[in-house]
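Everything below concerns the one structure shown next.
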Protein chains: 2
Amino acid sequence: MSAYAALAEPHRRQILDLLRDGERPAGELVEHLDLSQPGVSKHLKVLREAGLVAVRTQGKQRVYALRPEPLAEVDRWLEPYRAFWSQRLDALEHHLEENP
Amino acid sequence: MSAYAALAEPHRRQILDLLRDGERPAGELVEHLDLSQPGVSKHLKVLREAGLVAVRTQGKQRVYALRPEPLAEVDRWLEPYRAFWSQRLDALEHHLEENP
DNA sequence: AAATCATATTTCCATATGGAAATATGACCA
DNA sequence: TGGTCATATTTCCATATGGAAATATGATTT
């Protein structure tokens with residue numbers, strides 16, 4: 001699954017937000033997420049396959065960490081759009097139309 | 001549908017990319033998109049409902065324009081992640097672990 | 001080796017989604 | 001008004017998705 005598709009699910013974005021503070025075992029994510037344990041595990045699988053998180057086994061725990069690379073790709077896609085809101089929108093559009 | 005979910009579909013991102021060059025009638029999008037006319041129309045509906053495009057009727061044509069606001073929201077979500085790839089990743093993570 | 005803990009996988013179900021094809025709608029023109 | 005063009009909507013189908021519940025797996029402890 002693409003990073004874009006992975007981000008379409010709010011719980012998955014929430015998982016990434018949690019991992020911004022540092023790596024966490026799966027169980028800790030379950031505690032924070034108002035979702036069943038299997039539910040979280042499924043979403044983690046999607047995030048793994050999208051390359052957005054990495055797992056490491058530590059004792060009986062599975063510790064998840066953020067892998068930001070795919071987000072960087074999204075960020076690059078977004079890049080050319082930034083011009084559309086960083087300046088006043090109407091003025092910019094007008095400018096572009098008149099100076100193509 | 002959320003902006004995130006709207007972006008999950010590659011054709012929809014492609015439509016937005018086309019609209020970055022300026023507004024276009026639906027038919028012109030169809031020409032560029034290796035998709036049937038109804039297919040494009042369906043995706044345009046999703047983009048409309050997500051607030052990512054606006055339509056204007058001009059004669060018998062329906063002219064579509066980019067509405068970047070929802071992308072700005074995505075950009076804001078992405079913001080805190082930027083720190084994770086703007087500096088060398090390993091060094092940064094190491095730094096954060098030692099200075100929490 | 002058995003029991004236990006943490007997590008993953010499977011199964012089931014209801015719903016959402018994309019694409020193709022057919023049809024409908026609305027604006028303009030003759 | 002009837003016809004045509006551009007586009008939207010509907011219908012159909014196959015597949016994907018999320019969530020809940022049950023079960024399986026792998027590591028650790030006893």
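Just the heavy atoms: all of them, side chains too, but no hydrogens, waters or symmetry mates, feed the values below. Chain A is the first sequence line, chain B the second, and so forth, proteins listed ahead of strands; every chain is numbered from 1.
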For [X] and [N], give me the distance from atom [atom1] to atom [atom2], rounded to whole Å.
| X | N | atom1 | atom2 | result |
| --- | --- | --- | --- | --- |
| A/R62 | D/dA27 | CZ | P | 9 Å |
| B/E49 | D/dA8 | CD | P | 12 Å |
| A/H43 | C/dA8 | NE2 | C1' | 14 Å |
| B/K45 | C/dG19 | NZ | P | 16 Å |
| B/L33 | C/dG19 | CG | P | 11 Å |
| B/L44 | D/dA6 | CG | P | 16 Å |
| B/D34 | C/dG18 | CG | P | 17 Å |

Next on the checklist: Strictly under 4.0 angstrom, non-hydrogen atoms only: write out the protein contact profile of nucleotides 20-30 of chain C, one letter per nucleotide from the 5' end, B, S or -.
Outcome noted: BBB----SS--

Please tabulate, for the side chains in residues 37-47 of chain B, all donor-acceptor contacts under 3.5 angstrom to protein atoms that are two or more places apart in sequence or on a different chain.
from  : atom 1 : to    : atom 2 : distance (Å)
B/H43 : ND1    : B/R12 : NH1    : 3.2

Item to check | side-chain N/O A/Y64 vs C/dA8 OP1/OP2, d < 4.0 Å | outcome: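 Result: yes.
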
Item to check | Pairs flagged by side chain to side chain donor-acceptor pair (under 3.5 Å) wherever residues 26-36 of chain A is involved - sequence neighbours left out | outcome: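 Qualifying pairs: A/R24-A/E28.
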
Next on the checklist: Test of understanding: with side-chain contact (heavy atoms from CB on, under 4.5 Å), list the residues that count as partners of A/Q58, not counting sequence neighbours.
Outcome noted: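 By the side-chain contact (heavy atoms from CB on, under 4.5 Å) rule, A/Q58 matches A/R56, A/V63.
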
Next on the checklist: Applying side-chain contact (heavy atoms from CB on, under 4.5 Å), can you list everything that pairs with A/R13, at least two apart in sequence or on another chain?
Outcome noted: A/L7, A/P10, B/Y4, B/W77

Next on the checklist: Please enumerate all residues that pass side chain to side chain donor-acceptor pair (under 3.5 Å) together with B/Y81, with sequence neighbours excluded.
Outcome noted: A/D17

Item to check | side chain to side chain donor-acceptor pair (under 3.5 Å) partners of A/R48, counting only residues at least two apart | outcome: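 Here the qualifying residues are A/Y64.
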
Next on the checklist: Whether A/R76 and A/E73 form a salt bridge (side-chain N of Lys/Arg under 4.0 Å from carboxylate O of Asp/Glu) is what I want to check.
Outcome noted: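 Salt bridge: no.
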
Checklist entry - Which pair of non-hydrogen atoms, one from B/V74 and one from B/A3, has the smallest distance, and what is that distance? => result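 The answer is CG2-CB, 4.2 Å.
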
Checklist entry - With a 4.5 Å heavy-atom cut-off, do A/L52 and A/I15 have their side chains touching? => result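 A/L52 vs A/I15: side chains apart.
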
Item to check | Neighbours of DNA chain C within residues 3-19 of chain A, by heavy-atom distance under 4.0 Å | outcome: none

